[in-house]
Amino acid sequence: MSKPQKPRGPLVARVLTAVLVFQLAIGAFLVLGDVQQARFALPGFGPDAPRLTEPVRPGDQRRVFNPGRDRPATRPARDPGQLPDRLVLTKSDGTTYRLEGGVSEGDAERIIKLLQDTQPAPEWLILQSPGGVVGDALELGRYIRQTGINTRMLAGEYCYSACPYILMGGVEREVDEKAQVGVHQHYFGESSILPASFAVEDIQAGQGEVMLFLDEMGIDPLVMVPALTTPPDEIYVLLPQELRRYGIVAAE
(Lines give C-alpha, C1' and ligand atoms only; values in the text may rest on other atoms or scores of the structure.)
Protein backbone atom coordinates (compact mmCIF):
# COMPACT_ATOMS: atom_id res chain seq x y z
CA MET A 1 0.00 0.00 0.00
CA SER A 2 1.20 3.50 -0.76
CA LYS A 3 1.05 6.73 1.13
CA PRO A 4 1.50 10.10 -0.69
CA GLN A 5 5.19 10.77 -0.95
CA LYS A 6 7.21 13.72 -2.15
CA PRO A 7 9.52 12.99 -5.10
CA ARG A 8 13.04 12.06 -4.12
CA GLY A 9 15.78 14.54 -4.95
CA PRO A 10 15.43 18.19 -5.95
CA LEU A 11 12.05 18.63 -7.63
CA VAL A 12 13.25 21.48 -9.84
CA ALA A 13 16.05 19.42 -11.37
CA ARG A 14 13.71 16.53 -12.08
CA VAL A 15 11.09 18.78 -13.65
CA LEU A 16 13.70 20.48 -15.82
CA THR A 17 14.98 17.10 -17.02
CA ALA A 18 11.51 15.95 -17.99
CA VAL A 19 10.69 19.29 -19.65
CA LEU A 20 13.93 19.13 -21.67
CA VAL A 21 12.99 15.72 -23.02
CA PHE A 22 9.55 17.06 -23.84
CA GLN A 23 11.00 20.04 -25.72
CA LEU A 24 13.18 17.71 -27.78
CA ALA A 25 10.18 15.54 -28.61
CA ILE A 26 8.18 18.58 -29.76
CA GLY A 27 11.11 19.72 -31.87
CA ALA A 28 11.22 16.35 -33.56
CA PHE A 29 7.52 16.56 -34.39
CA LEU A 30 7.96 20.03 -35.88
CA VAL A 31 10.97 19.02 -37.96
CA LEU A 32 9.16 15.95 -39.25
CA GLY A 33 6.15 18.07 -40.13
CA ASP A 34 8.32 20.57 -42.04
CA VAL A 35 10.00 17.75 -43.96
CA GLN A 36 6.65 16.22 -44.90
CA GLN A 37 5.31 19.60 -46.02
CA ALA A 38 8.39 20.00 -48.20
CA ARG A 39 7.29 16.78 -49.98
CA PHE A 40 10.39 14.79 -49.22
CA ALA A 41 9.74 11.08 -49.59
CA LEU A 42 9.67 9.40 -46.19
CA PRO A 43 9.29 5.63 -45.67
CA GLY A 44 5.90 4.71 -44.19
CA PHE A 45 6.77 2.73 -41.11
CA GLY A 46 4.25 1.68 -38.50
CA PRO A 47 5.08 1.14 -34.83
CA ASP A 48 8.23 -0.96 -34.48
CA ALA A 49 7.24 -2.30 -31.05
CA PRO A 50 5.89 -5.83 -30.45
CA ARG A 51 2.18 -6.35 -29.82
CA LEU A 52 0.60 -6.18 -26.35
CA THR A 53 0.31 -9.96 -26.32
CA GLU A 54 4.11 -10.25 -26.05
CA PRO A 55 5.44 -10.49 -22.46
CA VAL A 56 7.21 -7.40 -21.09
CA ARG A 57 10.81 -7.69 -19.92
CA PRO A 58 13.30 -5.13 -18.56
CA GLY A 59 14.57 -3.05 -21.48
CA ASP A 60 11.80 -4.41 -23.73
CA GLN A 61 8.76 -2.50 -22.50
CA ARG A 62 7.31 -0.70 -25.52
CA ARG A 63 4.30 -2.30 -27.16
CA VAL A 64 1.97 -1.35 -30.01
CA PHE A 65 -0.89 0.56 -28.40
CA ASN A 66 -4.04 -1.18 -29.55
CA PRO A 67 -5.86 -2.45 -26.42
CA GLY A 68 -9.08 -2.86 -28.41
CA ARG A 69 -7.40 -5.60 -30.45
CA ASP A 70 -4.80 -7.01 -28.06
CA ARG A 71 -4.78 -7.81 -24.37
CA PRO A 72 -1.67 -8.02 -22.17
CA ALA A 73 0.11 -11.37 -22.02
CA THR A 74 -1.08 -11.89 -18.44
CA ARG A 75 -4.68 -12.99 -18.03
CA PRO A 76 -7.20 -11.49 -15.57
CA ALA A 77 -9.25 -13.54 -13.14
CA ARG A 78 -12.30 -12.62 -15.19
CA ASP A 79 -12.71 -11.52 -18.80
CA PRO A 80 -14.37 -8.07 -18.88
CA GLY A 81 -15.15 -8.43 -22.57
CA GLN A 82 -15.04 -5.27 -24.65
CA LEU A 83 -14.57 -2.31 -22.32
CA PRO A 84 -17.06 0.55 -22.82
CA ASP A 85 -15.98 3.76 -24.54
CA ARG A 86 -16.88 5.75 -21.42
CA LEU A 87 -16.09 5.07 -17.77
CA VAL A 88 -18.58 2.85 -15.94
CA LEU A 89 -18.82 2.61 -12.14
CA THR A 90 -20.08 -0.68 -10.69
CA LYS A 91 -20.09 -2.16 -7.19
CA SER A 92 -17.62 -4.95 -6.52
CA ASP A 93 -17.96 -5.79 -2.83
CA GLY A 94 -18.78 -3.73 0.27
CA THR A 95 -17.11 -0.34 -0.17
CA THR A 96 -15.03 -1.50 -3.16
CA TYR A 97 -16.14 -0.47 -6.65
CA ARG A 98 -14.85 -0.99 -10.19
CA LEU A 99 -14.18 1.88 -12.59
CA GLU A 100 -13.71 0.61 -16.15
CA GLY A 101 -13.73 1.87 -19.73
CA GLY A 102 -12.28 4.67 -21.82
CA VAL A 103 -11.94 8.19 -20.41
CA SER A 104 -14.15 10.44 -22.52
CA GLU A 105 -14.80 14.16 -22.38
CA GLY A 106 -17.19 14.93 -19.53
CA ASP A 107 -16.49 11.67 -17.70
CA ALA A 108 -14.88 13.40 -14.71
CA GLU A 109 -17.99 15.43 -13.88
CA ARG A 110 -20.27 12.44 -14.48
CA ILE A 111 -18.24 9.94 -12.43
CA ILE A 112 -17.65 12.42 -9.58
CA LYS A 113 -21.43 12.86 -9.32
CA LEU A 114 -21.87 9.07 -9.18
CA LEU A 115 -19.17 8.74 -6.51
CA GLN A 116 -20.87 11.44 -4.44
CA ASP A 117 -24.26 9.73 -4.67
CA THR A 118 -23.05 6.14 -4.16
CA GLN A 119 -23.88 4.38 -0.89
CA PRO A 120 -21.98 3.03 0.91
CA ALA A 121 -19.32 5.59 0.06
CA PRO A 122 -16.43 4.11 -1.97
CA GLU A 123 -13.21 3.38 -0.11
CA TRP A 124 -11.47 1.51 -2.96
CA LEU A 125 -11.68 1.83 -6.73
CA ILE A 126 -10.47 -1.05 -8.93
CA LEU A 127 -9.33 0.43 -12.24
CA GLN A 128 -9.15 -0.87 -15.79
CA SER A 129 -8.95 1.54 -18.71
CA PRO A 130 -7.10 2.11 -22.00
CA GLY A 131 -7.03 5.82 -21.20
CA GLY A 132 -8.48 8.75 -23.09
CA VAL A 133 -8.97 12.44 -22.30
CA VAL A 134 -6.13 13.70 -20.09
CA GLY A 135 -8.00 16.63 -18.55
CA ASP A 136 -10.83 14.45 -17.28
CA ALA A 137 -8.35 11.91 -15.87
CA LEU A 138 -6.52 14.67 -13.97
CA GLU A 139 -9.76 16.08 -12.59
CA LEU A 140 -10.93 12.66 -11.48
CA GLY A 141 -7.54 11.87 -9.91
CA ARG A 142 -7.67 15.08 -7.88
CA TYR A 143 -11.19 14.31 -6.65
CA ILE A 144 -10.17 10.79 -5.60
CA ARG A 145 -7.28 12.19 -3.56
CA GLN A 146 -9.36 14.95 -1.97
CA THR A 147 -12.07 12.52 -0.84
CA GLY A 148 -9.65 9.92 0.54
CA ILE A 149 -10.44 7.08 -1.89
CA ASN A 150 -7.83 4.38 -2.53
CA THR A 151 -7.05 2.82 -5.93
CA ARG A 152 -6.16 -0.74 -6.89
CA MET A 153 -5.25 -2.82 -9.94
CA LEU A 154 -5.76 -6.58 -10.19
CA ALA A 155 -3.67 -9.24 -11.92
CA GLY A 156 -4.01 -9.29 -15.69
CA GLU A 157 -5.78 -5.92 -15.89
CA TYR A 158 -4.41 -2.70 -17.35
CA CYS A 159 -4.32 1.05 -16.92
CA TYR A 160 -2.84 2.88 -19.94
CA SER A 161 -2.29 6.39 -21.26
CA ALA A 162 -4.38 8.86 -19.17
CA CYS A 163 -5.63 6.16 -16.76
CA PRO A 164 -2.48 6.23 -14.56
CA TYR A 165 -3.47 9.74 -13.43
CA ILE A 166 -6.66 8.27 -11.95
CA LEU A 167 -4.56 5.55 -10.31
CA MET A 168 -2.16 8.14 -8.89
CA GLY A 169 -5.05 9.93 -7.21
CA GLY A 170 -5.52 7.13 -4.71
CA VAL A 171 -4.45 7.89 -1.15
CA GLU A 172 -3.24 4.28 -1.01
CA ARG A 173 -2.33 2.59 -4.30
CA GLU A 174 -2.01 -1.13 -4.89
CA VAL A 175 -0.90 -2.64 -8.21
CA ASP A 176 -0.61 -6.40 -8.61
CA GLU A 177 2.73 -7.38 -10.19
CA LYS A 178 0.77 -9.02 -13.03
CA ALA A 179 -1.19 -5.86 -13.79
CA GLN A 180 0.04 -3.35 -16.40
CA VAL A 181 0.43 0.41 -16.00
CA GLY A 182 1.49 2.07 -19.25
CA VAL A 183 2.44 5.61 -20.31
CA HIS A 184 3.10 7.42 -23.58
CA GLN A 185 2.91 10.86 -25.21
CA HIS A 186 -0.40 12.63 -24.72
CA TYR A 187 -2.32 14.93 -26.97
CA PHE A 188 -4.22 17.99 -25.77
CA GLY A 189 -6.61 18.55 -28.65
CA GLU A 190 -9.10 16.77 -30.89
CA SER A 191 -6.60 14.67 -32.83
CA SER A 192 -4.88 11.60 -31.43
CA ILE A 193 -1.68 12.59 -33.27
CA LEU A 194 0.34 15.74 -32.63
CA PRO A 195 0.38 17.67 -35.96
CA ALA A 196 3.36 19.89 -36.77
CA SER A 197 1.05 22.89 -36.99
CA PHE A 198 -0.10 22.46 -33.38
CA ALA A 199 0.87 25.50 -31.25
CA VAL A 200 3.83 24.56 -29.08
CA GLU A 201 2.61 26.82 -26.28
CA ASP A 202 -0.69 24.91 -26.07
CA ILE A 203 1.12 21.58 -25.78
CA GLN A 204 3.46 22.99 -23.15
CA ALA A 205 0.51 24.34 -21.16
CA GLY A 206 -1.12 20.91 -21.17
CA GLN A 207 2.10 19.19 -20.15
CA GLY A 208 2.64 21.80 -17.45
CA GLU A 209 -0.74 20.85 -15.96
CA VAL A 210 0.37 17.21 -15.91
CA MET A 211 3.62 18.12 -14.13
CA LEU A 212 1.71 20.14 -11.54
CA PHE A 213 -0.60 17.17 -10.95
CA LEU A 214 2.35 14.81 -10.42
CA ASP A 215 3.78 17.17 -7.81
CA GLU A 216 0.42 17.41 -6.02
CA MET A 217 0.15 13.62 -5.93
CA GLY A 218 3.72 13.13 -4.69
CA ILE A 219 4.79 11.28 -7.87
CA ASP A 220 8.33 11.61 -9.23
CA PRO A 221 8.00 13.74 -12.42
CA LEU A 222 10.75 11.67 -14.06
CA VAL A 223 7.98 9.21 -14.90
CA MET A 224 7.40 11.60 -17.81
CA VAL A 225 10.72 10.60 -19.41
CA PRO A 226 9.48 7.20 -20.66
CA ALA A 227 6.10 8.81 -21.39
CA LEU A 228 7.52 11.60 -23.56
CA THR A 229 9.86 9.29 -25.46
CA THR A 230 7.11 6.79 -26.37
CA PRO A 231 4.95 7.80 -29.38
CA PRO A 232 1.12 7.86 -29.11
CA ASP A 233 0.73 4.64 -31.13
CA GLU A 234 2.89 2.72 -28.63
CA ILE A 235 2.71 2.23 -24.86
CA TYR A 236 5.58 1.92 -22.36
CA VAL A 237 4.71 -0.61 -19.67
CA LEU A 238 6.20 0.31 -16.29
CA LEU A 239 7.88 -2.55 -14.43
CA PRO A 240 7.05 -3.13 -10.73
CA GLN A 241 10.40 -1.63 -9.72
CA GLU A 242 9.63 1.49 -11.77
CA LEU A 243 6.23 1.84 -10.12
CA ARG A 244 8.08 1.88 -6.79
CA ARG A 245 10.87 4.15 -8.04
CA TYR A 246 8.44 6.82 -9.24
CA GLY A 247 6.32 6.58 -6.07
CA ILE A 248 3.22 5.20 -7.79
CA VAL A 249 3.25 2.36 -5.25
CA ALA A 250 5.06 2.16 -1.94
CA ALA A 251 8.72 1.18 -1.92
CA GLU A 252 9.44 -2.17 -0.30
Side-chain angles (χ1 to χ4, degrees), residues 1-5 47 49-84 87-103 122-132 137 140-141 144 149-184 217 219-220 222-227 230 233-252:
M1 294 187 294
S2 177
K3 298 289 185 181
Q5 301 174 4
R51 292 173 60 169
L52 277 171
T53 50
E54 296 296 321
V56 174
R57 303 176 182 86
D60 177 28
Q61 296 163 245
R62 280 170 43 163
R63 295 291 178 267
V64 174
F65 184 56
N66 195 341
R69 182 189 67 180
D70 295 337
R71 295 291 174 88
T74 55
R75 293 289 179 262
R78 67 180 190 89
D79 185 354
Q82 183 67 36
L83 291 178
L87 288 173
V88 173
L89 180 70
T90 57
K91 188 172 182 178
S92 177
D93 180 46
T95 56
T96 298
Y97 294 78
R98 292 188 66 94
L99 187 61
E100 297 180 291
V103 185
E123 294 182 5
W124 287 90
L125 283 179
I126 298 172
L127 303 177
Q128 181 162 226
S129 172
L140 190 50
I144 288 170
I149 299 174
N150 309 307
T151 53
R152 175 182 293 153
M153 289 194 61
L154 304 182
E157 300 188 339
Y158 57 85
C159 180
Y160 296 148
S161 186
C163 174
Y165 302 129
I166 303 176
L167 173 68
M168 293 170 188
V171 176
E172 296 182 4
R173 302 173 293 279
E174 296 180 352
V175 178
D176 189 279
E177 292 211 352
K178 291 186 178 179
Q180 285 195 356
V181 179
V183 297
H184 64 179
M217 298 300 113
I219 304 298
D220 191 331
L222 282 181
V223 71
M224 294 309 298
V225 173
T230 302
D233 57 357
E234 296 180 7
I235 199 78
Y236 180 96
V237 179
L238 295 165
L239 298 172
Q241 55 264 39
E242 291 175 308
L243 294 174
R244 293 189 290 269
R245 181 193 313 157
Y246 297 126
I248 298 173
V249 300
E252 294 180 344

(Q) How close do Leu83 and Tyr158 get, counting heavy atoms only, and between which atoms? (A) CD1-OH, 3.3 Å
Q: Identify the two heavy atoms, one from Pro130 and one from Phe65, that lie closest to each other, and give their separation to 0.1 Å.
A: O-CZ, 3.3 Å
Q) Looking at OH of Tyr97 and NZ of Lys91, how far apart are the two atoms once the value is rounded to the nearest 0.5 Å? A) 5.0 Å
Q: Could you go through the side-chain contact (heavy atoms from CB on, under 4.5 Å) check for Ile144 and Met217 one step at a time?
A: CA-CA 11 Å; Ile144 288 170; Met217 298 300 113; over 6 Å; no
Q | Test item: Ser129 side-chain N/O and Glu100 main-chain N/O as donor-acceptor pair under 3.5 Å | A | no
Q. Which atom pair, heavy atoms only, marks the closest approach of Gly156 to Gln128?
A. O-OE1, 4.5 Å
Q: Please name all residues satisfying side chain to side chain contact (heavy atoms under 4.5 Å, CB included) with Glu54, sequence neighbours left out, ordered by chain then number.
A: Pro50, Arg63
Q. If you take all heavy atoms of Ile126 and Ser92, which pair is closest and at what distance?
A. CD1-OG, 4.2 Å
(Q) Could you measure the distance from the CG atom of Leu127 to the CZ atom of Arg152? Nearest 0.5 Å is fine. (A) 10.5 Å
(Q) Quick check: do Pro164 and Tyr246 have side-chain heavy atoms less than 4.5 Å from each other? (A) no
Q. Is any side-chain heavy atom of Val64 closer than 4.5 Å to a side-chain heavy atom of Asp70?
A. no
(Q) Let me confirm one number: the CE-CG distance from Met224 to Leu222, rounded to the nearest 0.5 Å. (A) 10.5 Å
Q: Supply the atom-to-atom distance Ile166 CD1 to Leu87 CG, rounded to the nearest 0.5 angstrom.
A: 5.5 Å
Q) Which pair of non-hydrogen atoms, one from Met168 and one from Ile248, has the smallest distance, and what is that distance? A) CE-CD1, 4.0 Å
Q: Could you tell me which non-hydrogen atom of Glu242 sits nearest to which non-hydrogen atom of Val237, and how far apart they are?
A: OE1-O, 4.1 Å
Q. Looking at SG of Cys159 and CG of Leu99, how far apart are the two atoms once the value is rounded to the nearest 0.5 Å?
A. 9.5 Å
Q) Looking at residues at least two apart in the chain, or sitting in another chain, which of them share a side chain to side chain donor-acceptor pair (under 3.5 Å) with Ser161? A) His184
Q: Please confirm whether the backbone N or O of Gly247 pairs with a side-chain atom of Arg173, one donor and one acceptor, at under 3.5 Å?
A: yes
Q: Hey, could you give me the CD1/CD distance between Ile149 and Glu172, rounded to the nearest 0.5 Å?
A: 13.0 Å
Q) Sequence neighbours excluded, which residues qualify as side chain to side chain donor-acceptor pair (under 3.5 Å) partners of Asn66? A) none
Q.
Any heavy-atom pair between the side chains of Asp220 and Arg245 that's under 4.5 Å?
A. no
Q: Dump the intermediate steps for side-chain contact (heavy atoms from CB on, under 4.5 Å) on Val223 and Leu238, then the final yes or no.
A: CA-CA 9 Å; Val223 71; Leu238 295 165; 4.2 Å; yes
Q.
For the backbone of Ala155 and the side chain of Glu157, can you confirm whether one donor and one acceptor N or O come within less than 3.5 Å of each other?
A. no
Under 3.5 Å, sequence neighbours excluded: what are the donor-acceptor pairs made by side chains of residues 176-183?
unit_1	atom_1	unit_2	atom_2	d
Asp176	OD1	Lys178	N	2.7
Gln180	OE1	Tyr160	OH	2.5

